[in-house]
Student: 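Here it is, the structure in full.
Proteins come first, then strands; the chains are lettered A, B, ... in the order of their sequence lines, and each starts at number 1. Keep in mind that what you see is a predicted model, and the values were worked out from it rather than measured.
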Amino acid sequence: MKCVFCNKEAVFEASTPTKKISLCEKHLVEDVSKKVKLAVKKYGLISKNTTILIALSGGKDSISLMHVLSKNFENKIIAVSVNEGIKGYRDESIFFAKKYAKEFGVKHYVIEFKKEYGFSMDDVVRIMNKFPLKPCSYCGVLRRQLINKFAKKMNKKYDDVRLATAHTLDDEVQSIFMNIFQNDFEKLMRCSAITGYYKFNNGIKPKDFPKGFIPRIKPYRLVSEKESMAYFLVNNFKTIEGSCPNISDAYRNRLRNALNKYVWKSRRYDFKLNILNWFDAILSKKLRNHKIKSSELKECKICGEPTSGEICKTCILIEKIKEVVKNEIKKE
Amino acid sequence: MKIKKQMSVKEYMKINKINPETALITINGKLVASDKLIKKGDKIEIINFVSRG
Ligand SMILES: [Zn+2]
Ligand SMILES: [Zn+2]
């Protein structure tokens with residue numbers, strides 16, 4: 001099989017809306033880069049003076065995304081990793097995050113649960129065994145707040161900071177289905193290319209965001225998980241294998257398997273992209289009619305994020321977790 | 001994994017019921033297209049990426 005662009009030996013077959021095309025290593029890299037540039041343009045993710053802050057877990061997707069961005073954009077790029085304190089997992093992925101940030105010339109920061117909250121995720125898991133919620137639900141909330149806080153700090157130092165996450169086409173399509181099946185409209189609204197707070201979704205230009213608000217952008221949204229992995233492989237990148245030991249997202253995994261099996265058996269290779277485009281069309285229509293009342297919004301007294309009350313829901317949860325965990329650590 | 005009989009990556013995936021949406025194949029450490037022939041003694045690796053962050 002030959003590359004459709006240069007006739008060299010193909011290493012990958014990429015799905016397009018109409019057919020599969022075979023690509024050599026060089027043109028595979030170009031194809032992924034093109035998709036990122038297309039997403040940036042289509043959704044207006046990055047402006048000329050935007051500082052891109054990459055949420056760098058050290059997994060295949062965030063390393064590949066950092067590489068694509070650093071190769072294709074003139075913008076200032078920085079990266080942040082969160083060390084939640086998960087032994088044998090996070091220390092290793094942060095090793096690779098550091099290594100590649102240095103290689104790509106990206107300034108890299110690490111923030112730690114232990115330092116910021118006084119406890120690690122390992123502490124939380126040990127203690128939360130007594131409580132009904134799964135560790136991931138705490139971990140995500142705690143991590144998001146730290147990253148937000150960090151992004152705001154960077155926003156004082158650099159121009160127009162936007163937080164780039166490495167959500168792939170697969171992640172996004174899974175989330176769309178999960179939220180439809182659970183009839184969760186608020187979460188469904190977060191499945192757009194620019195988020196951070198559901199009322200500020202696409203359809204609203206970044207210049208109209210409230211002051212200090214850090215948009216979350218998804219430049220990897222048109223790249224499939226498979227393309228991301230292929231990009232990672234042909235660049236000879238390495239990272240740890242396997243996933244977080246606490247992971248308990250059985251619902252997402254079942255849905256992911258079902259969707260991938262459907263694409264495989266039906267040969268509908270454009271299925272995921274069609275769902276995404278359909279969703280974007282509905283969402284932008286919905287949001288065009290959605291006016292923000294500035295009187296509705298206040299700043300959370302603890303974290304400064306937009307909220308309808310005095311303290312946001314995230315901070316209320318975090319305060320509760322902190323209290324329980326600290327008390328339990330004292331008892332031990 | 002080592003194989004005895006020569007076959008293409010596509011056949012190999014079919015026989016082993018590997019979903020191409022969830023896995024890539026490398027031969028001797030290199031990513032390959034589905035028509036690539038696997039030769040005797042080649043080192044084949046199945047890169048299952050859905051379980052990796
Ligand atoms: Zn080529
Ligand atoms: Zn808050």
Student: Would you give the length of the straight line joining atom CD1 of B:Ile47 to atom CZ of A:Phe232, rounded to the nearest 0.5 angstrom?
Tutor: 10.0 Å
Student: Could you look at B:Ser34 and say if it's the side chain, the backbone, both or neither that has a heavy atom under 4.5 Å from chain A?
Tutor: both
Student: Sort B:Ile18 into side chain, backbone, both or neither according to what part of it lies under 4.5 angstrom from a heavy atom of chain A.
Tutor: backbone
Student: Could you check whether any side-chain heavy atom of B:Asn19 comes within less than 4.5 Å of a side-chain heavy atom of A:Asn257, counting everything from C-beta outward?
Tutor: no
Student: Surrounding CD of A:Glu9 (heavy atoms of other residues, nucleotides or ligands, distance under 6.0 Å), is the total greater than 12?
Tutor: no
Student: Can any side-chain N or O of A:Lys226 pair as donor or acceptor with the backbone N or O of B:Pro20 at less than 3.5 Å?
Tutor: yes
Student: I'd like to know whether NZ of A:Lys261 has more than 12 heavy-atom contacts from other residues, nucleotides or ligands below 6.0 angstrom.
Tutor: no
Student: Locate the shortest heavy-atom distance separating A:Phe12 from B:Leu24; write the atom from each residue and the value.
Tutor: CE1-CD2, 3.9 Å
Student: Counting only non-hydrogen atoms closer than 4.5 Å, does A:Ala230 touch chain B with its backbone (N, CA, C, O), its side chain (CB onward), both, or neither?
Tutor: both
Student: For the CG atom of A:Asp170 and the CZ atom of B:Phe49, what is their distance to the nearest 0.5 Å?
Tutor: 7.5 Å
Student: How long is the span from the CG atom in A:Asn235 to the CG atom in B:Leu31, to the nearest 0.5 Å?
Tutor: 11.0 Å
Student: Are B:Val32 and A:Val11 side-chain neighbours, meaning at least one heavy-atom pair lies under 4.5 Å?
Tutor: no
Student: Side chain from CB out, backbone as N, CA, C, O: work out which of these in A:Leu28 comes under 4.5 Å of a heavy atom of chain B, or both, or neither.
Tutor: side chain
Student: Could you tell me which non-hydrogen atom of A:Ala10 sits nearest to which non-hydrogen atom of B:Ala33, and how far apart they are?
Tutor: O-CB, 3.5 Å
Student: Does any N or O in the side chain of B:Asp35 come within less than 3.5 Å of the main-chain N or O of A:Met1, such that one atom is a donor and the other an acceptor?
Tutor: yes
Student: Quick check for you: to the nearest 0.5 Å, what is the distance between A:Leu233 atom CG and B:Ile25 atom CD1?
Tutor: 11.0 Å
Student: The test is salt bridge (charged side-chain N to carboxylate O under 4.0 Å, His left out); show your working for B:Glu21 and A:Lys272 and say whether it passes.
Tutor: CA-CA 11 Å; B:Glu21 285 296 303; A:Lys272 291 169 189 168; 3.1 Å; yes
